Amino acid sequence: MKKYALVTGGSRGIGREICIKLSSLGYHILINYKGNEEQAIITQQACMANNVEAQLLKFDVANRDEIEKVLGAWVLAAEKNAIIEVLVNNAGIRQDTLLSFMSDEQWNSVIDTSLQGMFFVTRTVLNPMLMNRFGRIINIVSLSGLKGMPGQVNYSAAKAGMIGATKALAQEVARRNVTVNAVAPGFISSDMTADLDEKELSNMVPMRRFGKPEEVAALVGFLVSKDAAYITGQVISINGGLYS
Ligand code: NAP
């Protein structure tokens with residue numbers, strides 16, 4: 001049975017580095033992305049350099065019908081030959097503004113991408129994982145979901161929702177050796193943080209720098225390993241000491 005890892009939002013940033021890390025561990029990779037095919041192909045080539053298969057799966061994680069059509073069809077076709085053993089719910093967006101000025105669209109798009117996306121995608125791949133009696137689900141959340149960040153009520157709510165779901169699902173599936181954990185990064189250099197003043201904000205971080213996507217990927221690599229078998233329902237921060 002071929003073993004796959006699915007990474008949502010795998011085309012860029014943290015998701016790309018997670019794809020590369022998981023490919024280095026021998027997983028075939030399913031790289032989900034929303035629209036940026038050029039970047040997704042760069043991820044694909046980097047994974048293939050580790051001598052595994054890497055397939056592009058384009059769908060919007062906020063769109064249940066698209067997920068059903070693309071991912072649901074993949075799971076159905078795979079049936080006895082392949083299994084998604086690792087799922088990383090990484091796709092996410094920011095739409096920052098103060099709550100008084102927040103539009104319905106700004107609220108909904110952020111919640112739909114992170115929280116709904118996690119629900120739709122996880123539901124689609126969970127049953128085969130349970131039947132496999134081994135699996136790893138990792139939800140990429142944020143410091144904002146733990147601490148709450150002004151200007152990010154939508155994003156903080158979405159990530160806090162994912163944390164609650166992580167803890168609940170972990171208890172539902174533990175008996176089948178499926179672990180469910182959340183990784184909560186602080187400031188990480190990527191397109192998502194490109195508009196921030198990195199120099200200024202680094203002063204708030206005890207380590208005096210932003211983290212690298214590769215550092216988040218290394219943590220995910222540990223959580224998928226057999227060594228992490230007894231860790232489930234946890235939120236693990238990776239933030240240079242910014243918040244604990
Ligand atoms: P990024 O560089 O902006 O990349 C976002 C990725 O998500 C892209 O691959 C994008 O695909 C994909 N994506 C966005 N909306 C999607 C949708 N509706 N359906 C499918 N894919 C979608 O972001 P990042 O910094 O790597 O962040 C990755 C995750 O880490 C996010 O969940 C973010 O909230 C979390 N995080 C980041 C930081 C940070 O400081 N960077 C801190 C804490 C948490 P396309 O390329 O096709 O657009």
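In this text the structure is predicted, and so the values were computed from the model without any measurement. In each ligand, atom 1 is the first atom listed, and ligand 1 is the first ligand listed.
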Which atoms of ligand 1 sit under 4.0 Å from any heavy atom of [X]?
X    : answer
Y155 : 33 (C), 34 (O), 35 (C), 36 (N), 43 (C), 44 (C)
F59  : 19 (N), 20 (C)
M192 : 2 (O), 3 (O), 23 (O), 25 (O), 33 (C), 34 (O), 37 (C)
P185 : 42 (C), 43 (C), 44 (C)

Under 4.0 Å from ligand 1, counting heavy atoms only, is it the side chain of [X], its backbone, both or neither?
X    : value
T193 : side chain
V216 : neither
Q39  : neither
T113 : side chain
T8   : neither

Pairing of E172 and K167 as salt bridge, 4.0 angstrom limit: no
Ionic contact status for K2 with E53, cut-off 4.0 Å: yes
4.0 Å heavy-atom contact, G186 with ligand 1: yes
K159 touching ligand 1 at heavy-atom level, < 4.0 angstrom: yes
N239 side chain to L143 backbone, donor-acceptor under 3.5 Å: no
Plane angle bin for F210 and F187 - parallel if under 30°, tilted between 30 and 60°, otherwise perpendicular: parallel
Option from T8, T166, N32, T122 for which side-chain hydrogen bond (donor to acceptor under 3.5 Å, both in side chains) with N89 holds: T122
No-hydrogen, no-angle side-chain donor-acceptor test under 3.5 Å, Q152 and D96: yes
